[in-house]
Amino acid sequence: MHKVNNQKIASIFYEIALYLEMEGVAFKPRAYERAAQAIESMSEEAYDIYKKDGEKGLDAIPGVGKSMTDKMVELFKTNKLKYLNQLRKRYPVKIKEITAIEGIGPKMVKDLYKKLGVKNLKDLERAAKAGKIASLPGHGKKTEENILKGLGFLKKSKGRVPLGYILPLAETVRDKLKKTPGTTDVEIAGSIRRRRATIKDIDLIAASSKPKELLKKFMKLPEVARILEKGENRAFVRLKEKIDADLIVVPKKQFGSALLHFTGSRFHNIRLRAMAKEHGWTLNEYGLIKKNTTLASKTEKEIYAKFKMDWIPPEIREEKGEIEAALAHKLPKLIPYGSVQGDLQIQTNWTDGSYTIEEMARAAKRLGRKYIAITDHTKALAMTGGLDEKDLARQAKEINKINKKIKNFRIIKSAEINILSDGKLDINEKGLKSLEIVSVAVHSGFSQNERVMTNRIVKALKNPYVNILFHPTGRLLSRRPEYAVNIDTIIKAAKKFNVALELNCFPDRMDLKDTNVRKAIEAGVKIVIDTDAHNVDHLKYIPLGEATARRGWAKKTDVLNTMPVSKLLEHFKKIRIDKLRKIR
DNA sequence: GCCGTTTTCGGCCCGACTGTTTTCAGTCG
């Protein structure tokens, strides 16, 4: 058996979809894409589902039926897929690679292959530079230029970018557009509005009585490098920051329908449109329309109401049960932004942070936090100058001193303690006892196999002093995938040993991710949201974590550090006493 | 290829822009 992971399966299904699209097959490409999307966003591995529940389990994945179940089973059994190999043989073309270029789709790939023998990006570049594409019937000079520009962009582009790095730019552009005469609303839509962890481009929706002026202003912004498309009410540009931005301008009365349309997700929209169709209506960016009359268009809420649904927060518009919940008026009350009162992971210049404890505390207070926990690394992480038991005692004295100086604020004694490769901690019991909150994390042995890694973490969670598991899967979005860990087992252990799981807001981490948050809270495990700040500038990332918690359907009560500090510390204290009593 | 409080068969979301066309296919969101 071969443990083919979800990402790999999704990637294969996406590739099949492209090949089928290339052949002009109807409907099947969408089916494969839909299944791929479902699989890549599952928190449980399809392989584990198969081992546990067999083919029945796979078939139960939404969008997956008999045929795709068979294909997954074949992958698990042989690590190969005959169907895909046949497609690749018929068209020996790097289809995913080539269609990554803006403006090139499967049909053009087919044409370029058949007529010019283009199989990969290198062939494509050579053909374009030699002027061969412009001379093809059906294509021209412009197509060729766009391909060359697209190739250049692809080389420089970083692909999807962490949300936290793009949001400020999107907000800057939005705010500049807001000041245009005749413009009443500008909103960021798309996956940024849904607060996905990574972003491909910036979508902006505006309501204006003077669309021409607004579009002109947009295209002339200093952030813009190049104009890709322009129309009556939309413009599509490439920003100097190597990311594309799209602006759609509508009359005020259509702002809601436009916002709904361009917020997505795609599958949420498809579902809504199918529902509209059942009523004999159509839903598009201009409104919910019955024959020639508009039933609703001004606000999203009005449109949802026509379907007898509650308004659905953008963060959960992923066609993952939110439509059913909205129809039944049973949407969860998602944790409101601004609910997190304190930051529970902060590094200082005692280890690899850049600022003193007091500087971090004062900066956090300025942002409205009521408390922070100081969580410098411990000794096994030698490269950061990790603290030993004596250092922690010294740091405690320092914290006491600063606590007296800063009013209406509380610094909590904590640490980011290493889980050693055998699951033991690198701080002794006396050291653990001296801390108000004990947080643990993996920082070594990333290449351990899943069983070893999982057992190691579970062993650490079993320690009666442990309160929080930091960045449970260890992913770094721009650099490193998750380490091999069985998140279901971790969640079970967290529940059993009453340990909270961290949702780390650092833009590169966002760990736990949304689907794991949902899984954890469904299992009754508590979450903490914190920034992992290494300097004062990082403290601002809390709302990213709140957003991700919302994507995971978390309520305020699921997140421990929405509590005031006295209650929070009481909570951890009580757990510690209970656990120690059970052991003795 | 998937799916079903109308359906196990017959459907499957909708519209704009571009480039190369003389009315449209391809691509994108």
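Letters A, B, ... are given to chains in the order of the sequence lines, protein chains preceding strands, and every chain is numbered from 1. These figures come from a predicted structure and were not determined experimentally. All heavy atoms count here, side chains included; hydrogens, waters and symmetry mates do not.
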Inset, instruction - Identify the two heavy atoms, one from A:Ile49 and one from A:Gly57, that lie closest to each other, and give their separation to 0.1 Å. - result: CG2-C, 3.6 Å
Legend entry - DNA chain B: 5'-proximal contact among A:Phe262 and A:Leu136 (nearest heavy atom): A:Leu136
Inset, instruction - Taking atom NZ of A:Lys56 as the centre, report whether more than 12 heavy atoms of other residues, nucleotides or ligands fall under 6.0 Å from it. - result: no
Legend entry - Distance in angstrom units between A:Ile205 CD1 and B:dG29 P, rounded: 13 Å
Inset, instruction - Would you confirm whether A:Ser43, through its side chain, and A:Asn516, through its main-chain N or O, come within 3.5 Å as a donor-acceptor pair? - result: no
Legend entry - Donor-acceptor side-chain pairing of A:Lys519 and A:Thr515 below 3.5 angstrom: no
Inset, instruction - Rounded off to whole Å, could you give me the CD-to-P distance for the A:Gln254 and B:dA16 pair? - result: 11 Å
Legend entry - d(NZ, A:Lys107; C1', B:dT20) in whole Å: 17 Å
Legend entry - Whole-Å distance separating the CZ atom of A:Arg196 from the C1' atom of B:dG29: 14 Å
Legend entry - Heavy-atom side-chain contact between A:Val4 and A:Asn79 under 4.5 Å: yes
Inset, instruction - Report the distance from atom CE of A:Met22 to atom P of B:dG26, rounded to the nearest whole Å. - result: 13 Å
Inset, instruction - Would you please confirm or rule out a distance under 4.0 Å between OP1 or OP2 of B:dC14 and any side-chain N or O of A:Tyr286? - result: no
Inset, instruction - Apply side-chain hydrogen bond (donor to acceptor under 3.5 Å, both in side chains) to the pair A:Lys320 and A:Ser41, showing each step before the final yes or no. - result: CA-CA 10 Å; A:Lys320 293 256 179 72; A:Ser41 67; 2.9 Å; yes
Inset, instruction - Determine which nucleotide pairs with B:dT8, using a 3.5 Å limit on both distances of a Watson-Crick or G-U wobble pair. - result: none
Legend entry - P atoms of B:dA16 and B:dT21, separation to the nearest Å: 24 Å
Legend entry - A:Lys200, nearest nucleotide to its side chain (from B:dT27, B:dG29, B:dG1): B:dG29
Legend entry - Residue mapping more 5' on DNA chain B - nearest nucleotide basis, A:Thr99 or A:Leu283: A:Leu283
Inset, instruction - Indicate yes or no for a side-chain donor-acceptor contact from A:Asn6 to the backbone of A:Glu44 under 3.5 Å, with no hydrogens or angles considered. - result: yes
Inset, instruction - Check every strand shown and say whether A:Lys110 touches a base, only sugar-phosphate, or nothing at a heavy-atom separation below 4.0 Å. - result: nothing
Inset, instruction - Could you tell me whether the side chains of A:Glu74 and A:Tyr83 share a donor-acceptor contact shorter than 3.5 Å? - result: no
Inset, instruction - From the options B:dG15, B:dC2, B:dG26, select the nucleotide whose nearest atom is closest to the side chain of A:Glu285. - result: B:dG15
Legend entry - Distance, rounded to the nearest Å, where A:Asp246 contributes CG and B:dA16 contributes C1': 10 Å
Inset, instruction - For B:dT22 and B:dG15, measure between their C1' atoms and round to the nearest Å. - result: 22 Å
Legend entry - Rounded P spacing from B:dC17 to B:dG10 in Å: 38 Å
Inset, instruction - Could you check whether A:Lys28 gets within reach of a base, just the sugar-phosphate, or nothing at all, counting any heavy atom under 4.0 Å? - result: base
Inset, instruction - Report, as yes or no, whether the 6.0 Å neighbourhood of atom CD on A:Glu522 holds more than 12 heavy atoms from other residues, nucleotides or ligands. - result: yes
Inset, instruction - Using the C1' atom as the reference point in each nucleotide, state the distance between B:dT8 and B:dC3 in Å, no decimals. - result: 9 Å
Inset, instruction - Please state the C1' separation for the pair B:dT23 and B:dT18 - nearest whole angstrom. - result: 15 Å
Inset, instruction - Would you classify A:Leu272 as touching base, sugar-phosphate or nothing, given that sugar-phosphate means primed atoms plus P, OP1 and OP2, and contacts are heavy atoms under 4.0 Å? - result: nothing
Check nucleotides 17-19 of chain B against the protein and report each pair of N or O atoms closer than 3.5 Å, with its distance, or say if there are none.
residue : atom : partner  : partner atom : Å
B:dC17  : OP1  : A:Glu232 : N            : 3.1
B:dT18  : OP1  : A:Lys230 : N            : 2.7
B:dT18  : OP1  : A:Lys230 : O            : 3.0
B:dT18  : OP2  : A:Lys230 : O            : 3.3
B:dG19  : OP1  : A:Asn146 : ND2          : 3.3
B:dG19  : O3'  : A:Thr143 : OG1          : 3.1

Legend entry - Flag for A:Lys96-A:Ser11: side-chain donor and acceptor within less than 3.5 Å: yes
Inset, instruction - Heavy atoms under 4.0 Å is the rule here; annotate nucleotides 5-12 of chain B 5' to 3' with B where the base is hit, S where only the sugar-phosphate is, and - elsewhere. - result: -------B
Legend entry - Nearest-angstrom distance, P atom, B:dG1 to B:dT6: 28 Å
Inset, instruction - Output the distance between atom CG (A:Leu215) and atom CZ (A:Arg234), rounded to the nearest 0.5 Å. - result: 10.5 Å
Inset, instruction - Under 4.0 Å between any heavy atoms, over every strand shown, what does A:Val64 touch: base, sugar-phosphate, or nothing? Just pick one. - result: sugar-phosphate
Inset, instruction - Have a look at A:Pro29 and say if it touches a base, only the backbone sugar-phosphate, or nothing, with a 4.0 Å heavy-atom cut-off. - result: nothing
Legend entry - Separation of B:dG4 C1' from A:Met275 CE (nearest whole Å): 15 Å
Inset, instruction - Under 4.0 Å between any heavy atoms, over every strand shown, what does A:Asn284 touch: base, sugar-phosphate, or nothing? Just pick one. - result: sugar-phosphate
Inset, instruction - Could you check how far CD of A:Glu319 sits from P of B:dC3, rounded to whole Å? - result: 11 Å
Legend entry - Spacing of the C1' atoms in B:dC2 and B:dT7 (rounded, Å): 13 Å
